[in-house]
Amino acid sequence: MGGGRSETSALSGTGGGRGMTTQNSQRPNACCFCWCCCCSCSWNEEERRKRRRRWKKISQDNKMEPINCEACTRPSVEEIRLWSQSFDKLMKNPAGRNVFREFLRTEYSEENMLFWLACEDLKQEANRNAVEEKARSIYEDYISILSPKEVSLDARVREVINRKMQEPTPHTFEDAQLQIYTLMHRDSYPRFLSSNIYKSLIHGGSRTSSES
């Protein structure tokens with residue numbers, strides 16, 4: 001992998017400060033949103049808080065802009081109701097993922113869904129060069145401590161990722177994807193079911209069904 005190996009090694013070094021100064025490519029991302037904080041990296045907590053404030057302002061400015069959703073058909077009332085039965089049913093439905101992503105956006109945690117979707121896309125990739133390119137992009141966008149879209153992962157999972165990035169495969173981020181899936185299930189999903197976004201779908205769908 002050449003350059004990719006040295007970049008990942010710099011990020012995974014024992015000295016947090018050295019890893020941060022070694023990585024030269026700090027590319028801003030205009031479509032970024034706020035992110036969850038990884039409490040295992042206390043040394044850069046203040047920097048993360050600064051980025052949070054800066055990118056939250058950008059998120060607020062862009063909040064009402066349309067997002068690129070997955071292609072899907074209009075969900076039926078039955079499908080919408082099924083989303084409340086289990087998080088798995090919601091996440092297996094493209095329309096459900098779009099609605100849940102819209103909700104996450106209101107909480108400035110859309111990066112969790114974007115990361116999960118990127119991992120799903122990576123797992124479908126067979127071309128080795130494409131796998132390396134997509135894995136590097138995922139790392140820079142969602143794993144790097146320099147990214148405003150950094151997702152919340154514990155130290156063990158980060159260590160596994162840094163090791164696997166030496167030779168990326170379609171399953172390099174499997175542990176991290178599961179951790180973020182669990183986080184969305186435990187933390188965001190209950191609030192989604194109580195949100196106006198979901199309630200309006202239920203009520204709107206019910207009215208449409210009764211009228212027909």
Side-chain angles (χ1 to χ4, degrees), residues 1-33 35-36 38 40-41 44 48 51 55 67-72 87-88 90-98 100-101 104-105 109-185:
M1 285 178 58
R5 182 176 290 113
S6 61
E7 179 182 358
T8 307
S9 300
L11 281 171
S12 60
T14 55
R18 288 196 299 275
M20 187 171 180
T21 55
T22 303
Q23 183 174 359
N24 294 320
S25 57
Q26 300 182 23
R27 58 182 183 86
N29 208 320
C31 62
C32 299
F33 302 92
W35 61 97
C36 298
C38 177
S40 62
C41 301
N44 71 329
R48 185 175 278 120
R51 285 184 288 137
W55 285 97
I67 60 177
N68 295 322
C69 295
E70 297 180 74
C72 64
F87 187 59
D88 288 342
L90 172 70
M91 290 294 284
K92 287 178 180 178
N93 185 288
R97 290 194 296 267
N98 285 336
F100 186 54
R101 179 180 167 188
L104 292 177
R105 196 181 194 195
S109 58
E110 184 188 15
E111 73 285 344
N112 289 330
M113 177 64 81
L114 294 176
F115 171 68
W116 188 87
L117 290 172
C119 291
E120 287 295 289
D121 178 63
L122 178 64
K123 288 192 291 188
Q124 304 303 315
E125 186 59 64
N127 181 276
R128 181 174 180 179
N129 291 332
V131 166
E132 292 188 358
E133 182 178 348
K134 288 184 177 183
R136 190 185 315 281
S137 178
I138 291 173
Y139 189 98
E140 292 175 355
D141 286 342
Y142 304 107
I143 309 301
S144 171
I145 60 174
L146 299 178
S147 173
K149 291 189 292 184
E150 176 193 3
V151 295
S152 179
L153 300 171
D154 62 36
R156 179 193 64 81
V157 171
R158 286 180 175 276
E159 183 179 351
V160 170
I161 291 175
N162 286 332
R163 188 166 59 247
K164 289 183 175 181
M165 280 297 292
Q166 303 302 317
E167 297 290 340
T169 72
H171 302 283
T172 291
F173 302 100
E174 209 163 49
D175 290 345
Q177 187 185 20
L178 176 60
Q179 190 167 102
I180 294 304
Y181 186 91
T182 303
L183 175 65
M184 291 191 292
H185 183 189

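Both backbone and side-chain heavy atoms feed into the values below; hydrogens, waters and symmetry mates do not.
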Indicate the atoms forming the closest heavy-atom contact of [X] with [Y], along with that distance.
X	Y	value
Asp154	Val157	OD1-N, 2.8 Å
Pro170	Leu122	CB-O, 3.5 Å
Tyr142	Lys149	CD2-O, 3.6 Å
Lys123	Glu120	NZ-OE2, 2.9 Å
Glu140	Ser147	O-CB, 3.2 Å
Leu183	Ser152	CD2-CB, 4.5 Å

Is there side-chain contact between [X] and [Y], with heavy atoms separated by less than 4.5 Å?
X	Y	result
Arg163	Val160	yes
Phe115	Ile143	yes
Arg101	Leu114	yes
Arg158	Ile145	yes
Met113	Met91	yes

### Query
Given the rule in the side chain to side chain contact (heavy atoms under 4.5 Å, CB included) test, do Thr172 and Ile138 qualify, once you have shown the distances and angles that lead to the verdict?
CA-CA 10 Å; Thr172 291; Ile138 291 173; over 6 Å; no
### Task
Just jot down the salt bridge (Lys or Arg N to Asp or Glu O under 4.0 Å) partners of Lys164, sequence neighbours excluded, or say none.
none
### Query
Residues in salt bridge (Lys or Arg N to Asp or Glu O under 4.0 Å) with Arg128, at least two apart?
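For Arg128 the salt bridge (Lys or Arg N to Asp or Glu O under 4.0 Å) partners, ignoring immediate neighbours, are Glu132, Glu167.
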### Task
Assign the ring pair Phe87 / His185 to parallel, tilted or perpendicular, where the plane angle (0 to 90°) is split at 30° and 60°.
parallel
Could you state the interatomic distance from [atom1] ([X]) to [atom2] ([Y]), rounded to the nearest 0.5 Å?
X	Y	atom1	atom2	answer
Asn112	Gln179	CG	CD	10.5 Å
Asp175	Glu159	CG	CD	11.5 Å
Asn127	Glu133	CG	CD	9.5 Å
Phe100	Asn93	CZ	CG	13.0 Å
Glu125	Thr169	CD	OG1	12.0 Å

#### Entry: Partners passing side chain to side chain contact (heavy atoms under 4.5 Å, CB included) against Leu178 (at least two apart in sequence or in another chain)
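If we apply the side chain to side chain contact (heavy atoms under 4.5 Å, CB included) test to Leu178, skipping adjacent residues, the hits are Thr182.
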